[in-house]
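Read through the structure below, which is laid out as structure tokens, and then see the notes.
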Amino acid sequence: MLLYGAGGHAGVIAGIARDCGKTIKALFDDDLQKTEVAGIPVTGSYNTGLFVNEPIIIAIGNNLIRRRISSQITHCFVSLIHPSALVDKTVTIGTGTVIVHGSIIQANSQIGNHVIVNTGASIDHDCKIADYVHIAPGVILCGNVCIGESSLIGAGSCIAPNITIGKNCIVGAGSIVTKAVPEGAVVRGSSSKVIRISAL
Ligand SMILES: CC(=O)SCCNC(=O)CCNC(=O)[C@H](O)C(C)(C)COP(=O)(O)OP(=O)(O)OC[C@H]1O[C@@H](n2cnc3c(N)ncnc32)[C@H](O)[C@@H]1OP(=O)(O)O
């Protein structure tokens, strides 16, 4: 298979590919200063004529860059799921998507194209994750959460059940989201407060 991108995220994907028994035949990056990833030499800029029958993954963490590059690629896309991930049989996963080590995806969730479900993230039942989303390491999505296209859910965040997050949003690392987030919003923080005292 082929990788596009030679940064830190490409190192993670190279490891997943190795653990899935796949060989990286070429690794493209437009930054010609980059020379190798995980011992794999950078081939050069993307070349439509090289290994035309090999599938490719865009190994770039930035959602908007991943989306832009995907429209320029002529190779077919492939998805990778690390063997340590637990993905329920009812889950659907699009093309170009990577499910990283230790993540869990529960029943009836739908994961789009070119999504990153990063290290140890937990996506519970009936979630809908649109294309080009990045679910960062350690995120918890409770049941029936919807994430719009190209949004980033920052590391360690928790999204409460039944919440919808719009397109092109950023949820800051460590946030707890309990209300819907409108398209394009950047949100962060968690503010637990006493909301009532239960009778004993
Ligand atoms: C494998 C991987 O690494 S995947 C990486 C996935 N990426 C992430 O999880 C990061 C998500 N992004 C963030 O959390 C960002 O910090 C954002 C979007 C919330 C804010 O980014 P920016 O607007 O650039 O804010 P900036 O870095 O200038 O910080 C502004 C202030 O907010 C604080 N701040 C930034 N992020 C957070 C956060 N997540 N929670 C609480 N405070 C924060 C900063 O400390 C700073 O405080 P100060 O003014 O007192 O110094």
Side-chain angles (χ1 to χ4, degrees), residues 3-20 24 27 29 31 34 36-40 57-70 79-87 93-94 96-105 109 111-124 127 129-142 145-160 163-193:
L3 291 188
Y4 192 138
H9 184 54
V12 173
I13 297 187
I16 298 171
R18 180 198 59 227
D19 292 351
C20 290
I24 309 292
L27 196 162
D29 199 293
D31 178 355
K34 292 185 175 160
E36 61 91 29
V37 170
I40 304 162
I57 285 190
I58 306 171
I60 295 174
N62 182 294
N63 296 337
L64 299 180
I65 297 174
R66 204 161 65 255
R67 183 170 69 182
R68 175 172 55 75
I69 286 175
S70 70
S79 293
L80 281 179
I81 301 174
H82 191 267
S84 65
L86 299 175
V87 179
I93 294 178
T97 286
V98 185
I99 313 297
V100 179
H101 309 59
S103 46
I104 299 175
I105 310 180
S109 285
I111 314 293
N113 301 319
H114 304 287
V115 169
I116 302 166
V117 179
N118 221 322
T119 314
S122 174
I123 297 178
D124 224 286
C127 288
I129 313 298
D131 299 344
Y132 307 106
V133 164
H134 180 176
I135 307 292
V139 164
I140 295 173
L141 302 187
C142 295
V145 166
C146 295
I147 311 289
E149 188 178 303
S150 302
S151 288
L152 164 64
I153 311 303
S157 298
C158 175
I159 316 295
I163 293 295
T164 294
I165 291 177
K167 295 180 186 176
N168 301 313
C169 291
I170 299 176
V171 173
S175 299
I176 298 179
V177 180
T178 57
K179 293 187 173 68
V181 175
E183 181 175 334
V186 178
V187 301
R188 69 167 165 84
S190 60
S191 54
S192 293
K193 52 193 179 212

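All values derive from a computational prediction rather than experimental measurement. We count ligands from 1, going down the list as the structure has it; atoms in each ligand are counted the same way.
Checked against salt bridge (charged side-chain N to carboxylate O under 4.0 Å, His left out), D124 has no partners two or more places apart in sequence or in another chain.
Among residues at least two apart or in separate chains, salt bridge (charged side-chain N to carboxylate O under 4.0 Å, His left out) pairs with a member in residues 149-159 are R67-E149.
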May I have the list of side-chain donor-acceptor pairs in residues 129-139 shorter than 3.5 Å, sequence neighbours left out?
from: D131; atom 1: OD1; to: N113; atom 2: N; distance (Å): 2.8
from: Y132; atom 1: OH; to: S70; atom 2: OG; distance (Å): 2.8
from: H134; atom 1: NE2; to: N118; atom 2: ND2; distance (Å): 3.0

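Nearest heavy atom pair, residue V145 against residue A160, reads CG2-O, 3.3 Å. Between S157 and G172 the shortest heavy-atom distance is OG-O, 3.0 Å.
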Would you mind listing each N/O atom of ligand 1 next to any protein N/O under 3.5 Å, plus the distance?
from: ligand 1; atom 1: 9 (O); to: A155; atom 2: N; distance (Å): 2.7
from: ligand 1; atom 1: 14 (O); to: A173; atom 2: N; distance (Å): 2.8
from: ligand 1; atom 1: 32 (O); to: R188; atom 2: NH2; distance (Å): 3.1
from: ligand 1; atom 1: 39 (N); to: A173; atom 2: N; distance (Å): 3.2
from: ligand 1; atom 1: 39 (N); to: A173; atom 2: O; distance (Å): 2.8
from: ligand 1; atom 1: 42 (N); to: R188; atom 2: NH1; distance (Å): 3.3

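Inter-residue side-chain proximity for S103 and I123 is flagged as unmet; no heavy-atom pair is nearer than 4.5 Å.
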